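First the proteins, then the strands, lettered A, B, ... as listed; each starts at 1. Bear in mind that the values here come from a model prediction, so they are computed numbers and not experimental data.
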Number of protein chains: 2
Amino acid sequence: MLGTYLKSVRDAKGMSLRNVEEKTGISNAFLSQLESGKVKQPSPLMLYKLAQLYSVPYETLMEQAGYPVPGGGIPDSRSASAVFDRLGKISSEEEQELLDYLFFLRSRARRDKRRK
Amino acid sequence: MLGTYLKSVRDAKGMSLRNVEEKTGISNAFLSQLESGKVKQPSPLMLYKLAQLYSVPYETLMEQAGYPVPGGGIPDSRSASAVFDRLGKISSEEEQELLDYLFFLRSRARRDKRRK
DNA sequence: ACGCCTTGCTTGATAAGTCAAGCAATATGG
DNA sequence: CCATATTGCTTGACTTATCAAGCAAGGCGT
């Protein structure tokens, strides 16, 4: 769901709703409804502002909102550095744990696939 | 203006409003208001259907409607530590799990601190 | 002239996005 | 421990998109 995704990104950046409101001009009330799923299709402009602030691709948000996207279901992957860039400041301990966790995710995925 | 453009395309194709309604599912009432400019920002879905029927690029309609268009913004942010570059691509599922995991790490850290 | 489609349009009515104001709970600092 | 700020959320009002129904003007065959 769009809302849970946006919330996870905001949480990861450690921003409050009012903090996001301040930087995007989108009211905290609306952001709350958006993250809780009460708003399903925010205007593309809102998605764009959030994409800018969160450093997340605009098309991804459009797609998650259920809007037709120009490329129409193109593969989604981006460089690892771009992803980690948007996590904000991470300590070296966190960095190591995240790397370990990512390898764990991938080994588990391989095992699941083999077990298909 | 978006409306005049859509009307010119429809006229060029020799279609009536009800004809377009039939093929797109968009009511002729709405099409009329759209072409006359009384509706300024139709949903991306409407624009997509019209783009399909008229064989005109979806992005063009989005742009004329005043919506941010994917290509118009800032391309990929980048630059990061070389450590992550070797990881290659990260899927959105992996990203989601990593974000969740980072949040978990941080909440655990906060709790530990409070509990000194 | 007379019916009868067809065409474009207007008009309520409904639904959904969006915000300002305010509330309850929690955090923070003196 | 108290005051104050912060945070997330709800509610009510407003705006806008969207549709169903209907209306007036014009074509077209008989």
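- Contact footprint of chain B on DNA chain D: nucleotides with an atom under 4.0 Å from a non-hydrogen protein atom, first to last in 5' to 3' order, dA17(D) to dG22(D).
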Can you check side chain to side chain contact (heavy atoms under 4.5 Å, CB included) on Val56(B) and Leu6(B), steps first, answer last?
CA-CA 10 Å; Val56(B) 45; Leu6(B) 287 173; 5.8 Å; no
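- Here the P atom of nucleotide dC19(C) and the CZ atom of Arg18(A) are 14 Å apart, to the nearest Å.
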Report all side-chain donor-acceptor pairs from residues 29-36 of chain B shorter than 3.5 Å, counting only partners two or more places apart or in another chain.
{"unit_1": "Glu35(B)", "atom_1": "OE1", "unit_2": "Arg10(B)", "atom_2": "NE", "d": "3.4"}
{"unit_1": "Glu35(B)", "atom_1": "OE1", "unit_2": "Arg10(B)", "atom_2": "NH2", "d": "2.9"}
{"unit_1": "Glu35(B)", "atom_1": "OE2", "unit_2": "Arg10(B)", "atom_2": "NE", "d": "2.8"}
{"unit_1": "Ser36(B)", "atom_1": "OG", "unit_2": "Ser32(B)", "atom_2": "O", "d": "3.3"}
{"unit_1": "Ser36(B)", "atom_1": "OG", "unit_2": "Gln33(B)", "atom_2": "O", "d": "3.2"}

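- Under the side chain to side chain contact (heavy atoms under 4.5 Å, CB included) criterion, Thr60(B) pairs with Pro57(B), Gln64(B), not counting sequence neighbours.
- Looking only at side-chain heavy atoms (C-beta outward), Leu61(A) and Tyr5(A) come within less than 4.5 Å of each other.
- Screening residues 13-32 of chain B for salt bridge (charged side-chain N to carboxylate O under 4.0 Å, His left out) gives no qualifying pairs among residues at least two apart or on separate chains.
- The shortest distance between the side-chain N/O atoms of Ser16(B) and the OP1/OP2 oxygens of dT6(C) is not below 4.0 Å.
- Considering OH of Tyr67(B) and OG of Ser43(B), their distance stands at 6.5 Å, rounded to 0.5 Å.
- The CE atom of Met15(A) sits 4.5 Å away from the CG atom of Leu53(A) when rounded to the nearest 0.5 Å.
- Residues Pro42(B) and Leu2(B) form a side-chain contact, since some pair of their non-hydrogen atoms from C-beta on lies under 4.5 Å apart.
- Between the axis at the start and the axis at the end of the helix from dA1(C)-dT30(D) to dG30(C)-dC1(D) there is an angle of 10°, using five pairs per end and rounding to 10 degrees.
- Contacts between residues 30-38 of chain A and DNA chain D, defined by a heavy-atom separation under 4.0 Å, are made by Ser32(A), Gln33(A), Lys38(A).
- Taking each heavy atom of Pro44(B) and Met62(B) in turn, the nearest pair found is CB-SD, 4.0 Å.
- Between Ile26(A) and Met46(A), the shortest heavy-atom distance links the atoms CG1-SD, 3.6 Å.
- Remark: Gly25(B), Ile26(B), Ser27(B), Ala29(B) in residues 22-29 of chain B come within less than 4.0 Å of DNA chain D through at least one heavy atom.
- Lys7(B) meets the side-chain hydrogen bond (donor to acceptor under 3.5 Å, both in side chains) test with Asp11(B); sequence neighbours excluded.
- Applying a 4.0 Å cut-off to non-hydrogen atoms, none of the residues of residues 40-57 of chain B approaches DNA chain C.
- Annotation: ring-ring contact (aromatic ring centres under 6.0 Å, His included) contacts of Tyr58(A) (sequence neighbours excluded): Tyr48(A).
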